[in-house]
Amino acid sequence: MSENFEKTLVLIKPDAIQRSLVGDIIQRFERKGLKLLGLKMMSLDEAVLREHYAHLVDKPFFAGLAKFMKSTPVVAMCWEGVEAVAAVRLIAGITKAREADAGTIRGDFAMSVSCNVIHASDTTENAEIEVKRFFNSDEIYDYDKTEYLHIYADDER
Ligand code: IDP
Ligand code: MG
């Protein structure tokens, strides 16, 4: 397999759980041609949120963000593909959902800066850390996706 294959972490946030958008969101990633390696529902506690949003803990909105992220379980997913980290960020759209491009998940499904339906890893370095933060190694599955024959050209695989 080419070294350009990357794993990335996506969380479906509590607003999307409440709004019954889980299936729609997963479908976006499946249709794109990404491969699902891991999927589970989990509740996040303050400790993991302080780690995951370490770049935001000093912001005035952090307490509200943590409360929101603890308000329901989230769906954690690991997706794989060639340059998947950037591809998933493109599908996700920008943070401020009401300004996100139409066609992106945030652009199509959300209006808020905070309640923006998904988290997606922002760099390959963070993706590696985040997949390990939310998944044990035996929860990441290795299998042949036969669709890859049609999703990528021979020299991309
Ligand atoms: P990202 O999710 O697009 O990577 P980050 O800047 O890493 O954006 O912020 C993480 C999350 O924190 C956002 O998705 C959003 O839920 C929340 N957030 C970011 N900025 C604000 C803000 O100004 N007000 C409230 N919540 C925010
Ligand atoms: Mg971020």
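Numbering of ligands and ligand atoms starts at 1, following listing order. This one's a predicted model, so the numbers in the text were calculated from it and none came from an experiment.
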ask   = Does NZ or CZ of Lys35 lie under 6.0 Å from the centre of the six-membered ring of Phe5, at an angle within 45° of the ring axis?
value = no
query = Is the closest side-chain donor-acceptor distance between Glu130 and Ser121 under 3.5 Å?
reply = yes
Which residues share a side-chain hydrogen bond (donor to acceptor under 3.5 Å, both in side chains) with Asn4, sequence neighbours left out = none
ask   = Looking at Phe135, does the NZ or CZ of Lys40 lie under 6.0 angstrom from its six-membered ring centre and within 45 degrees of the ring axis?
value = yes
Approximate separation, where rounding is to 0.5 Å, of Leu21 CG and Gln27 CD = 12.0 Å
Amino acids contacting ligand 1, non-hydrogen cut-off under 4.0 Å = Lys13, Tyr53, His55, Leu56, Phe61, Leu65, Arg89, Thr95, Arg106, Val113, Ser114, Asn116
ask   = Taking the side chain as C-beta and beyond, is there a heavy-atom pair between Val117 and Arg19 under 4.5 Å?
value = yes
